[in-house]
Amino acid sequence: MLSKKIETAINKQIELEAASSQLYLSMASWAETKSFNGVAAFLFKHSDEERFHMIKLLKFVNERGGHALIPALKQPDKDFKTLNVVFEQILKHEIYVSNEINKLVDICLQEKDYTTHNFLQWYVSEQIEEEALARNVQDKLKLIGADKGGIYFFDRDLGAMAAATSQNEQSGGKGGKE
Ligand code: FEO
């Protein structure tokens, strides 16, 4: 059974994961309107992953006798100006999410809820991957600078990355990321 304090804290995290999914969906839509189809595919995939993070928390709360709440969300940003702005925002956002997960882990320790603490370790590892990926993509963009040819290949690479992840998932692998 979850304590009320932990239930409330996880519900807050459910909201953050849902908001993350919406933010990446909005970025994907923006990218698609700018004909960055590879970037859009990557971001649509990323949005799905965030939804998966949200559902995983939701199921956990309900399985442990709590009530997972579905949040109302604000409309996310819709104009991003450049790809650099998009990926800078993603990295900043993922660092924020990592901090929130760490706070959640801390609450579990204070409450001596070792089951939830154990469950959250998946999120701790996931955030290491998410931050690393965001940094890696941002570094690539910095290297490319204003080179239009470079941007073309960047877009193509991100599209290939999204397709490879989907293929891996369909064949039963972890797909690099969940
Ligand atoms: Fe679910 Fe990207 O944090």
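Read the numbers this way: they start at 1 and go in the same order the structure lists the ligands and their atoms. Note: hydrogens, waters and symmetry copies are ignored here, and every other heavy atom, side chains too, is used.
- Applying the salt bridge (Lys or Arg N to Asp or Glu O under 4.0 Å) test to every pair with at least one member in residues 7-28, sequence neighbours left out, gives these pairs: K4-E7, K12-E100.
- No donor-acceptor distance shorter than 3.5 angstrom exists from the side chain of Y123 to the backbone of V105, with no hydrogens or angles considered.
- Within the structure, side chain to side chain donor-acceptor pair (under 3.5 Å) pairs that include any residue of residues 136-146 comprise N136-K140 (at least two apart or interchain).
- Ring geometry for F60 versus F119: interplanar angle under 30°, hence parallel rather than tilted (30 to 60°).
- Y24 meets the ring-ring contact (aromatic ring centres under 6.0 Å, His included) test with H46, H93; sequence neighbours excluded.
- Below the 2.8 Å limit, atom 2 (Fe) of ligand 1 has as protein N, O or S neighbours E50 OE2, E94 OE1, E94 OE2, E130 OE1.
- Counting heavy-atom neighbours within 6.0 Å of Q121 CD, excluding the residue itself, gives a total above 12.
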